[in-house]
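In this text, all values refer to a predicted model and were calculated from it rather than measured experimentally. Here is how names work: the chains are called A, B, and so on, in the same order as the sequence lines, proteins then strands, and each is numbered from 1.
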Amino acid sequence: MMDTLNSKNILNFLNKWGVILAVILIILFFTFSLPDLFLTSSNIINILRSISIVTIIAVGLTISLSVNGFDLSVGSAATVSSSLIISFFVWYNMPFGIALPLAILLTLIIAGINAFLIVKVKIPDLFATLSTMFIFEGVAMTYTGGGSISVGMPKLDGSPTTGKLPELFLKLGQTPWIIIIMLISVFLVHLFLNHSKHGRYMYMIGGNQEAARLSGIPVKKYRALAYVLSTFFAALGGIVLASYVGSSQINAGSGYLMPAVAAAFIGSSFAGHGKPNAIGTFVGAVLVGVLENGLVMMSVPYYSLNIVKGTVLALALASTYYSQKKF
Amino acid sequence: MKAVELKMNNINIEFPGVHALKGVDFTLKSGTINALIGANGAGKSTLMKILSGSYSHYTGEITLNDKPATIRNPKQAKNLGIDIVHQEVDIALVPYLTVAENILLDKIANNMENRHRIKWKEIHQEAKEVLLQLDIHLPTHRLISELTLADKQMVLIARSLINKPKFLILDEPTAPLSDTETEKLFFTIRKLQNEFNIGIVFISHRLPELFEICENITVMRDGLIVSNTKIKNTTIDEIVKDMLGDESTHLYVKKEKTIGNTTLQVTDLTNHDLSIKNISLHINSGEIVGIAGLVGAGKTELCKTLFGDFPIKSGTIQINEEIQKYKNTAQAVNKGIALVPEERRKEGIFVDEPVYKNFTISHLKNFSSRFNILSQKKEREISKEMIAKLGVKTPNELQNIGLLSGGNQQKVAVGKWLISPAHVYIFDEPTKGIDIGAKAEMFELIDQLASEGKAVLYASSELQEILTITDRIYIMYDNKIVKEVLTKDTSEEEIMFFSTGGTK
C-alpha cells in the first residue's frame, strides 16, 4: 500500500513538474556543453522567435482540445490567412488596417464549416477537420494559382502589381514583436481557459459532454466557439508567418500543424495531468525549441532533429497514459 | 424428440455486501415456456446469468435429466444447449456486418479450423435456412445497422438456433417492441417451443402478455423464489402481491406542509421520438409528485423532455402560468428547471473534477466578474457552505468527486441546483446506488425543497420510495400516463397493477 502510494506520488510529481524539470535539465546540459554560446540573450531570443509561430497556432489548437475535440485544419487555416493577407497587399494595395481584419475574418469561414460539420452534421472532430484541412489547402492553392505571391510578382492574369508590404505588417514577424504576439496569445488563452467562465465550460464539456448538457451548458455553442478560436489563432499564426517570410508560400502553414500538435500534447501530458492548457503548450514548445536549438549548435544535423522531437512526444504521452490506470 | 429436464438446486451466490440468491431451486422442461418475474433486484437476472455461464462463483447444483452438469462459463452453457438473448441486442451484434454473417458469427469466428477462405454462398445458404425454419423473412445480405430492433432480436434468436439449443433465455425481449412486433415475436417463440422443442425462460415486466404466451410462472423476491405455479391458476393481482411481499419498512416520515398554486402545468406533451406521448400533468408549489412506472416506461424521457433535452413535437409546458418555449437545457435552466439525472456518473457529475467545480457548474454567472473571469475563492466558499449544509463527506472542496461515495456524489449533484434556486426540481431515480442512510438524507433534502415552496417531480421505479416521499403519483406505462392517484389512497399493489399494463 505504502509502496504504491509512493510510486504514485513520484508519478504525480513527474506529471506535474516533469516538463519544467526537463526544460531546466536540458538547459543546464546545453549551458555546460556549449559555454558562451547557448545561454546568451541573443540565443534565447532566437529560440523564442523560432517557436513563436508554432506556439501561436498550438494555443489555438489547445482550445479545440479542451472540448475534447481536435482541429487538424489549423495548418491550412494558417496557409489561407497568409495567402490572403499577402495578396491583399500585393494585388489590391489594401491598407494594413483593412487587410488584417479581413484576412482573419475570411479565414474564420473554415471555423464555420468545421463547426457545422462537427456540431450539426455530427462528424467526429478528427475526420471533419481532416476534410477541411484538405479543402482549404486546395482553396489556398487555387486562390494563389498554385504558386507563391511576393512583392513585384504579376497577378494570376498576368497584369502587373504595384503593392508593397506595409512597414507595420513587416514588424509583426520581427523580434521583439513576434515574441510579444506569442506571449500575449499564450496569456490570453490561459486567462480564457483557466480563469473564465467560458473556459470552465469548455473543460467540463471536454470531461463529460452528457453531464455538461444536463448541467445546462449550451454544449453546441461552446464546441462551435472552440473551433472559431482555434481557427482565429491559426489565422494569426499565418499572418505572422507571412510577415516573417515576407511572402506567401505554397502550403506554408501545413508544416506547422504537426509541431503544434506535438507542443500541445507534450504540454498537456507533462504539465496538466493530460489536460490541455495554454502554459503547458507554451512550455512544450519551449522544450522542443530548446532541444532543436541546442542540438543544432552541437552539430547534430537538422535532418535528424525529428527523431528527438518524436521521442520527447512519446515520453510525454507515456507519462500521462502509463500513470492513468483507471479502474 | 424426448423431453429434457433442467434443474437448478439450492443455488447461492454472493456479491460484496449482497447475498443475491439464497438457495434457489428452479426447474425448466424442454418444450415449455416459463415466465420469470420479480421487481428490480429480485435476482432473476442473476439466476439466468448463472444458467448461461456468466458467473462461476456460485454454489449449488445444476442437472440435466438428473445428470450433473457443469456450467461455469458461457461456452459450457452453450455446449449443454443453453443460450441467452440479452435485452441489449446491439451489444451482441456487429452492426456493419450482414444478417448472415451475424447469424453465423460463432461459426466464422470459432469453427473455421484450418480453412482461411470464407465460403459466402454457404454462409448465406445456411443463414437462409435457419430464418426459413423460423418463418422470418429477412434478406441475409442486409446490414444489421439497417434493421429495426425487433428484427435484430430475430437475428439473435436465429443465431442461437445454429447451436441447436435445448433451452433459451429471453431477457425482457418485449420491452422495446410495439404491439404488432410483440405478436410477431410470440409467433416465433411458439415455433421454438412446438417445432424445436426448446424450453424457454421468458423474462418480462409486462404482466398481461405473460398470460398469452407462458405456461408456468416463477416469481422471485429478494433472492428467493416466492411462487411457482401454472399461469392459468393465478391472476395479475396475485402475481403483484408475490412480487412485493407484505413487509413495508418506513424509510422516512414526511413533514407537514402547505400546497400552493400550480407551478408547472404540462398539457398534451409529445416529444419527437415519441418516447413520451400525450403527457398532461401539473405540480403545485410545495408538492412532491411521483412518476411511477417500470424501467422503459418513459420516465427518464419525460424528465429529460421537461428539462429541454428532447425536442418537443406538440403540447405545452407552463411555469407559473407562463408558456415556456425552451429548445435546450441551457434555456430550461434559465427558466428555473433543475434536473438530477438518473445515471449519476455518466450524466450528473464530472468524475475527474474537484467537488467545488461540480457544485458551481450550473451557476457560474454567480461567480464571474466582468469579462466573465471566475473567482475561484467565491466558488470554494460557497462549496464549503454547501458541503456543511448537505453533510457531504469529503476531506475538502478540492477533492475529486469521483473519489466520494455514491450518496455523497449525489448530494453534490443535487447541491449544484441549490446554489441558485429553481422553481421546478426533477429527480430521476435519485436513490439509485446509494445506501439506506444517504437515502433518508436525500428524502429529507427533497422534502425540504418542497416545504420551501418548490415544485418537485420524483421519478422512480422503486414503489416504496414513491409512496414514502410523494403527495400524488402519475403512473406511466408504454410512454403514456395511464393513471393518477393520491399517495395516501393508493398501495404498491395498485401502482404495480397499472405500471404492468393492468386496466380496470
Side-chain angles (χ1 to χ4, degrees), chain A residues 5 8 12 15-16 63 65-68 119-120 122 187-226 229 268-269 272-278 320-321 323-327, chain B residues 300 303-304 307-310 326-354 356-376 379 400-402 409 413 416-417 419-420 422 426 428:
Chain A
L5 262 181
K8 214 177 173 183
N12 269 343
N15 254 333
K16 213 166 179 176
I63 299 177
L65 295 176
S66 77
V67 292
N68 203 9
V119 177
K120 274 268 178 241
K122 301 193 170 70
F187 173 75
L188 285 179
V189 174
H190 172 72
L191 199 67
F192 178 82
L193 281 180
N194 290 54
H195 294 282
S196 89
K197 182 177 93 178
H198 311 298
R200 174 74 61 79
Y201 283 159
M202 285 187 178
Y203 278 131
M204 292 309 223
I205 290 168
N208 186 344
Q209 201 171 305
E210 287 283 295
R213 210 180 59 243
L214 293 176
S215 297
I217 299 173
V219 171
K220 288 181 181 169
K221 194 177 111 188
Y222 276 98
R223 287 181 74 202
L225 179 64
L229 290 174
S268 69
S269 304
H273 288 280
K275 223 177 193 182
N277 65 95
T320 311
Y321 287 100
S323 60
Q324 232 175 37
K325 273 186 210 128
K326 293 239 161 129
F327 37 88
Chain B
T300 297
C303 293
K304 286 190 173 171
F307 193 61
D309 200 30
F310 277 87
Y326 39 78
K327 289 201 196 73
N328 57 41
T329 55
Q331 290 170 9
V333 171
N334 281 338
K335 300 293 180 194
I337 301 185
L339 169 73
V340 177
E342 178 183 9
E343 302 285 341
R344 180 173 53 249
R345 287 182 75 89
K346 227 177 89 202
E347 307 174 327
I349 58 168
F350 300 87
V351 277
D352 294 326
E353 299 288 350
Y356 83 91
K357 287 190 186 175
N358 273 284
F359 265 128
T360 56
I361 183 65
S362 295
H363 298 101
L364 282 182
K365 245 183 266 154
N366 302 11
F367 309 97
S368 349
S369 63
R370 264 193 312 157
F371 310 118
N372 291 309
I373 296 299
L374 290 171
S375 160
Q376 292 195 1
E379 283 187 73
N400 260 10
I401 193 168
Q409 289 177 355
K416 79 174 175 202
W417 297 115
I419 284 176
S420 193
I426 303 169
D428 190 7

Check: What part of B:Arg345 lies closer than 4.5 angstrom to a heavy atom of chain A: side chain, backbone, both or neither?
Finding: backbone

Next item on the list: Go through the atoms of B:Glu343 and report whether side chain, backbone, both or neither lie under 4.5 Å from a heavy atom of chain A.
Entry: neither

Margin query: Using a strict threshold of under 4.0 Å (side-chain N to carboxylate O), is an ion pair present between B:Glu353 and A:Lys275?
Written below: yes

Item checked: Closest heavy-atom pair and its distance - B:Lys416, A:Ser215 -> NZ-OG, 2.8 Å

Note to self: I need the residue from A:Gln209, A:Met204, A:His198 with the largest number of non-hydrogen atom pairs under 4.5 Å to chain B.
What the structure shows: A:Met204

Note to self: Regarding A:Ser196 and B:Asn372, do their side chains bring together a donor and an acceptor under 3.5 Å, going by distance alone?
What the structure shows: no

Note to self: If we check side chain to side chain contact (heavy atoms under 4.5 Å, CB included) with B:Glu379, which of these qualifies: B:Leu364, B:Asn366, B:Ile361?
What the structure shows: B:Leu364

Check: Where on B:Thr360 is there a heavy atom nearer than 4.5 Å to chain A: the side chain, the backbone, both, or neither?
Finding: side chain

Item checked: Partner chain B: residue of A:His195, A:Lys220, A:Arg200, A:Glu210 with the largest heavy-atom pair count (under 4.5 Å) -> A:Arg200

Next item on the list: Give, as side chain, backbone, both or neither, the part of B:Lys357 having an atom under 4.5 angstrom from any heavy atom of chain A.
Entry: both

Next item on the list: Flag the one option from B:Ile373, B:Val333, B:Asn358 with the top tally of heavy-atom pairs under 4.5 Å to chain A.
Entry: B:Ile373

Notebook entry, point to check: Any sub-3.5 Å donor-acceptor pair from B:Trp417's side-chain atoms to B:Leu339's backbone N or O?
Noted result: yes

Check: Contact part of B:Ile349 toward chain A, heavy-atom cut-off under 4.5 Å: side chain, backbone, both or neither?
Finding: backbone

Note to self: Using modelled atom types and a 3.5 Å cut-off, is there a donor and acceptor pairing between side-chain atoms of B:Asp309 and backbone atoms of B:Asn328?
What the structure shows: no

